[in-house]
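Here is the structure we will look at.
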Amino acid sequence: MAKAIPARSEDYSLWYNELVKKADLAEHSDVRGCMVIKPYGYSIWEKMQQALDKMFKETGHTNAYFPLFVPKSFLAREASHVEGFAKECAIVTHYRLKNAPDGKGVMVDPESKLEEELIVRPTSETIIWNSYKKWIQSYRDLPILINQWANVVRWEMRTRLFLRTAEFLWQEGHTAHATAEEAVEETLRMLDVYANFAENYMALPVIKGRKSEGEKFPGAVDTYCIEALMQDGKALQAGTSHFLGQNFAKAFDVQFASKEGKLDYVWGTSWGVSTRLMGALIMAHSDDDGLVLPPRLAPIQVVVVPVFKSEEELNAIRGSVQPLINDLRKQHVTVKLDDRDTHKPGFKFAEWELKGVPVRITIGPRDLENGTAEVFRRDTKEKQTLKMEQVAVDVLVLLDEIQKTIYHKALDFRSTMTTQVNTFDEFKQVLEEKGGFIEAHWDGTTETEEKIKEETKATIRCIPLHAREEQGMCVYSGRPSGRRVLFARAY
RNA sequence: CGGGGUGUAGCGCAGCCCGGUUAGCGCACCUGGUUUGGGACCAGGGGGUCGCAGGUUCGAAUCCUGCUACCCCGACCA
């Protein structure tokens, strides 16, 4: 069988790039660093959005929309925030074009220079807190629990489809609270929402943790994250939730009158996940034959491939499978009947495997005679022939089982690829020969973190929330440490 | 932004070093026929300002200059 994509073992990077393109998820646009998300890829993103949006609403949030442009002065209000984003901003300086003097094309009209430049949002804390100032006077106005689905721009030097693009789609939650406790609680609640989504929908096991000082979000007091492990042993941050303290409230002068009549600054959080999750989904489960999608996010859960020689045969098969298709749809299973007469069955098998459809049902003349259907599962590539009347029930069970199987496969992989080390030599050896997560003691200083990063390219992915208290010595400095933290090379 | 590489049909490439008919090949595409339970076969056909702009030359895909985009390795990052 001709392979559509290179093997992971040969070139993991190339495998990923080719898979994204061949599975029709996305492609490079002619705009630097920007991608076109194609219909099949976008429909997976829509499934993610639907699930997340429901979870946000269930936790009391509502959606709103704020401007794409942020005045330069807004971004500058919070010192570490602007420092963090300054190097990757797209800036609007003019608002008009005119015909070029040589008659060829158009040019920027120098007369149209803006008084104040506008930044294309790299994130929306500043523009949103500027609004919150107008909305909040009293404790009665709190909390504000808002989410926004939007695009943002970060002018990255090197881009990769879904993992890092100059423009990407995401959601950003921005909340305002009367107390620090409430804001911290919100920060952790949303971290849990992300972890649940990753594990239950994406079938992606994640580790919840807190970022080190060096890795936290510019403008945050604390950054929490979920970290996942990809098949090549590199880590990928799948979502972040920030406790902003009163930083943005102070920067935008957002004060409220408490019950006791005292003025205080508002406490904030922000949290987000992006189309980067698509990259995580692809890299976590897929194989050398193509995508492997968890049933709960697959745009097509079941594809039916009829095998036929003539129009009459096809019609006979249609008559036979239509009740099954109706039955599955009634159970909210997304089914596609691939009755194209322009491609042979073998082609269709390969194509739907490349696209990661979890279950395939094949029905041909043989089955018609025997009253059977062949059921194929994408994750293990196992086939079985079932009695027609049994198929609907079995497929429902199978979809659940595939969801669980790929989760456990990823979890087993992560367990195997997580190593405890106690010396720096061990640390470097594991990193070079095995990769994956490394649990090691760290003295808690940014200096040590930086040095380890310089020497090994590994970073502290997070300080796990559920790490055991354990006395030890920093693998780098030998100074005392109270718990192990999670290191890895990362995307 | 530093180092290296590549832009030739929708995709993947050859041709370039050493300038010279009508710029080739595979896949894909279109037409007809035979096929159809793991990526079909035969026959015919269409499609290219050779990344862009200059320059050298009787003549440029090929040589020179500038620009631009993308890929790989660094630095930065979700």
Side-chain angles (χ1 to χ4, degrees), chain A residues 1-6 11 13-14 17-18 21-22 27-35 83-89 102 104-105 122-123 152-172 194 211 214-218 223 225-228 235-242 270-280 289-290 305-311 313-314 317 338-354 360-370 372-374 376 381 383 385 453-454 457 459 461 490-491:
Chain A
M1 186 168 86
K3 291 284 178 187
I5 54 174
D11 188 337
S13 244
L14 193 61
N17 284 333
E18 287 298 304
K21 284 182 266 190
K22 295 278 167 59
E27 63 189 21
H28 289 286
S29 75
D30 289 334
V31 183
R32 181 203 160 83
C34 297
M35 65 178 164
E83 197 192 324
F85 286 107
K87 284 171 290 184
E88 51 188 35
C89 286
D102 62 5
K104 290 180 191 164
T123 180
V152 288
V153 169
R154 297 181 188 176
W155 211 264
E156 299 289 350
M157 290 303 171
R158 285 181 64 191
T159 59
R160 294 192 67 191
L161 293 168
F162 290 119
L163 295 174
R164 182 169 301 109
T165 47
E167 179 195 19
F168 55 94
L169 306 183
W170 77 347
Q171 60 68 218
E172 46 182 329
Y194 288 155
K211 285 291 187 190
E215 296 275 332
K216 75 180 192 191
F217 177 77
T223 288
C225 62
I226 51 172
E227 292 284 330
L236 188 132
Q237 179 177 301
T240 50
S241 185
H242 316 291
S270 67
W271 28 273
V273 295
S274 71
T275 36
R276 189 176 222 216
L277 288 180
M278 294 286 293
D289 291 324
V305 178
V307 179
F308 56 95
K309 289 194 174 78
S310 63
E311 188 67 27
E313 226 165 46
L314 175 58
I317 293 169
D338 183 2
D339 56 2
R340 289 176 292 176
D341 60 1
T342 50
H343 295 277
K344 289 177 60 177
F347 179 92
K348 295 179 184 177
F349 295 166
E351 186 178 42
W352 295 117
E353 280 162 37
L354 181 61
R360 182 183 74 225
I361 299 171
T362 306
I363 297 179
R366 224 157 54 201
D367 297 293
L368 230 41
E369 221 169 275
N370 302 335
T372 58
E374 181 191 83
F376 169 92
K381 304 196 182 79
K383 289 174 190 169
T385 300
K453 186 178 175 183
E454 268 170 45
K457 293 180 204 156
T459 51
R461 300 320 305 155
Y491 277 99

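Protein chains get the first letters and strands the later ones, always in sequence-line order, with residue 1 at the start of each.
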Students often get this wrong, so: under 4.0 angstrom with heavy atoms, is [X] touching a base, only sugar-phosphate, or nothing?
X	value
Leu163(A)	base
Arg360(A)	base
Phe168(A)	base
Gly84(A)	nothing
Phe217(A)	nothing
Lys309(A)	base
Gln237(A)	sugar-phosphate
Thr165(A)	base
Asp341(A)	nothing

Could you tell me how far apart [X] ([atom1]) and [N] ([atom2]) are, to the nearest whole angstrom?
X	N	atom1	atom2	value
Leu14(A)	C72(B)	CG	C1'	11 Å
Glu27(A)	G10(B)	CD	C1'	11 Å
Glu454(A)	A75(B)	CD	C1'	11 Å
Ile5(A)	G39(B)	CD1	C1'	14 Å
Glu18(A)	C70(B)	CD	C1'	14 Å
Phe347(A)	G39(B)	CZ	P	12 Å
Glu156(A)	C1(B)	CD	P	15 Å
Trp155(A)	C1(B)	CH2	C1'	15 Å

Taking the side chain as every heavy atom from C-beta outward, state whether [X] and [Y] have any atom pair closer than 4.5 Å.
X	Y	result
Phe85(A)	Thr123(A)	yes
Gln237(A)	Lys211(A)	yes
Asp341(A)	Leu314(A)	no
Glu18(A)	Pro6(A)	yes
Asp289(A)	Leu354(A)	no

Checklist entry - Picking from C76(B), G37(B), G38(B), which would you name as closest to the side chain of Asp367(A)? => result G37(B)
Next on the checklist: From the set G38(B), G37(B), C76(B), return the single nucleotide nearest to any side-chain atom of Lys453(A).
Outcome noted: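 For the Lys453(A) side chain, the nearest candidate turns out to be C76(B).
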Using the [atom1] atom on both, measure [N] against [M] and round to a whole Å.
N	M	atom1	value
A61(B)	G20(B)	C1'	13 Å
G48(B)	G5(B)	P	32 Å
A60(B)	G2(B)	C1'	33 Å
G37(B)	G33(B)	C1'	23 Å
U62(B)	C18(B)	P	14 Å
A53(B)	G10(B)	C1'	26 Å
C11(B)	G55(B)	C1'	34 Å
U22(B)	C63(B)	C1'	24 Å

It should be established whether [X] places a side-chain nitrogen or oxygen under 4.0 Å from OP1 or OP2 of nucleotide [N].
X	N	value
Lys383(A)	G37(B)	no
Lys457(A)	A75(B)	no
His28(A)	C71(B)	yes
Lys344(A)	A40(B)	yes

Checklist entry - Taking atom types as modelled, is there a side-chain donor on Ser270(A) or His242(A) under 3.5 Å from an acceptor on the other? => result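 Side chains of Ser270(A) and His242(A): no pair found under 3.5 Å.
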Checking base pairs now: Watson-Crick or wobble, both atom distances under 3.5 Å. What partners [N]?
N	result
G74(B)	C1(B)
G20(B)	C58(B)
U31(B)	A43(B)
A69(B)	U6(B)
G38(B)	none

Checklist entry - Are Lys22(A) and Glu351(A) close enough for a salt bridge, meaning some N to O gap below 4.0 Å? => result no
Checklist entry - Taking for each residue the nucleotide of RNA chain B with the nearest heavy atom, is it Lys21(A) or Ala490(A) whose nucleotide lies nearer the 5' end? => result Lys21(A)
Checklist entry - Want to settle it: does Arg366(A) or Ser274(A) sit nearer the 5' end of RNA chain B, counting the closest nucleotide to each? => result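 Result: Arg366(A).
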Next on the checklist: So, under a plain 3.5 Å distance rule, would you say the side chain of Glu351(A) forms a donor-acceptor pair with the base of G39(B)?
Outcome noted: no
Item to check | Aromatic plane relationship, Phe168(A) with Trp170(A) - under 30° parallel, 30 to 60° tilted, over 60° perpendicular | outcome: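 If you compare the ring of Trp170(A) with that of Phe168(A), the planes turn out perpendicular.
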